[in-house]
Visitor: 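Just passing along the structure, written as structure tokens.
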Amino acid sequence: MIDQDNKQVGVMSTRDAMQRAEEVGLDLVEVSPNAKPPVCKIMDYGKYQYERNKRAREARKKQTKVVMKEMQFRPDTAEHDYQFKKRHVADFLAHGWKVRATVRFKGREMLHTDLGRNMLARLRDDLAEVAEVEQRPRMETRVMSMILTPKPPS
């Protein structure tokens with residue numbers, strides 16, 4: 001048993017430990033039930049739970065969530081539309097977000113997947129100074145996709 005001042009008291013019966021905890025006005029909490037003999041501690045359990053939850057909230061607050069944005073292209077995307085979408089991708093990367101660039105193919109466009117691959121390669125080359133490729137272009141059913149991540153500041 002461990003008392004309220006974190007001093008090891010020694011092995012004692014459960015009844016004696018409970019009585020000792022009641023004398024101090026605190027709770028008897030089983031800290032390590034699998035130990036031989038089990039380890040108990042005298043503490044304010046409500047305060048312990050509150051502090052544990054507070055630490056967990058602080059840890060969640062400091063977490064960063066990875067945001068994944070997606071920009072969709074077509075194999076026949078016009079030049080102006082391409083430039084517009086490229087600026088948006090660069091803006092997403094500037095915010096520190098990952099971007100999935102996808103090219104969707106319909107019908108007979110599936111015969112010209114090289115156009116989509118060339119478009120994604122062009123996007124990669126145009127954004128080479130601000131982005132690096134996390135996942136190279138790959139085909140999944142009728143969609144070719146590539147994932148870009150912001151370059152770390154140097």
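The residues of the chain are indexed from 1 along the displayed sequence. Keep in mind it's a predicted model, so treat the numbers as computed, not measured.
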Visitor: CG/Asn118 to CG/Asp114 distance, rounded to the nearest 0.5 angstrom?
Guide: 6.0 Å

Visitor: Salt bridge check: are Arg122 and Glu79 linked by an N-O gap of less than 4.0 Å?
Guide: yes

Visitor: Does any part of the side chain of Lys106, heavy atoms only, come nearer than 4.5 Å to the side chain of Arg142, both counted from C-beta?
Guide: no

Visitor: Scan Ile147, Thr102, Leu120, Val103 and name whichever one has a side-chain contact (heavy atoms from CB on, under 4.5 Å) with Pro137.
Guide: Leu120

Visitor: In terms of ring plane angle, is the pair Phe84 and His80 parallel, tilted or perpendicular, where the classes change at 30° and 60°?
Guide: parallel

Visitor: Does the Gln49 side chain pair with the main chain of Gly46, one donor and one acceptor, at a distance under 3.5 Å?
Guide: no

Visitor: Can you tell if the side chain of Met144 reaches within under 4.5 Å of the side chain of Thr113, non-hydrogen atoms only?
Guide: yes

Visitor: Donor-acceptor check, side chain of Asp44 to backbone of Leu26, threshold 3.5 angstrom: yes or no?
Guide: no

Visitor: Start with the C-alpha gap between Arg74 and Glu109, add the side-chain angles, then the distance that decides, and say whether salt bridge (Lys or Arg N to Asp or Glu O under 4.0 Å) holds.
Guide: CA-CA 9 Å; Arg74 294 291 312 275; Glu109 291 174 349; 2.6 Å; yes

Visitor: With a 4.0 Å cut-off, would you call Arg124 and Glu132 a salt bridge?
Guide: no

Visitor: To the nearest 0.5 Å, what is the distance between CZ on Arg117 and CZ on Arg136?
Guide: 9.0 Å

Visitor: Under a 3.5 Å distance rule, please check whether Asp91 uses its side chain to pair with a backbone N or O of Arg87 as donor and acceptor.
Guide: no

Visitor: Check this for me: Gln8, atom CD, are more than 12 non-hydrogen atoms of other residues, nucleotides or ligands nearer than 6.0 Å?
Guide: no

Visitor: Would you mind reporting whether Lys69 and Val67 have side-chain heavy atoms less than 4.5 Å apart?
Guide: yes

Visitor: What distance do Gln19 atom CD and Ser13 atom OG have between them, rounded to the nearest 0.5 Å?
Guide: 9.0 Å

Visitor: Is a side-chain N or O of Lys151 found less than 3.5 angstrom from the main chain of Ala128, in a donor-acceptor match?
Guide: yes

Visitor: When you check the gap from the basic side-chain N to the acidic O, do Arg60 and Glu58 get nearer than 4.0 Å?
Guide: no

Visitor: Evaluate the side-chain proximity of His112 to Pro75: yes if any heavy-atom separation is below 4.5 Å, no if none is.
Guide: no

Visitor: Take a 6.0 Å sphere around CE of Met12 and say whether it holds more than 12 heavy atoms from other residues, nucleotides or ligands.
Guide: yes

Visitor: Which value, rounded to the nearest 0.5 Å, describes the distance between Leu28 atom CG and Asp16 atom CG?
Guide: 11.0 Å

Visitor: So, taking the atom named CD1 in Ile42 and the one named CG in Asp5, what distance separates them when rounded to the nearest 0.5 Å?
Guide: 9.5 Å

Visitor: Can you establish whether the number of heavy atoms outside Arg52 located under 6.0 Å from its atom CZ is more than 12?
Guide: yes

Visitor: What are the two closest non-hydrogen atoms of Thr77 and Asp81, and how far apart are they?
Guide: CG2-CB, 3.7 Å

Visitor: So do the side chains of Arg100 and Leu148 get within less than 4.5 Å of each other, counting heavy atoms only?
Guide: no

Visitor: Looking only at heavy atoms, what is the nearest atom pair of Phe73 and Ala101, with distance?
Guide: CE1-CB, 4.2 Å

Visitor: Output the distance between atom OG (Ser145) and atom CZ (Arg104), rounded to the nearest 0.5 Å.
Guide: 9.5 Å

Visitor: Could you pull out the closest heavy-atom pair between Thr141 and Met139, with the gap in Å?
Guide: O-CE, 3.5 Å

Visitor: Please check: side-chain N/O of Lys85 versus main-chain N/O of Gln72, any donor-acceptor pairing under 3.5 Å?
Guide: yes

Visitor: Side chains of Asp126 and Tyr82: any donor to acceptor distance under 3.5 Å?
Guide: yes

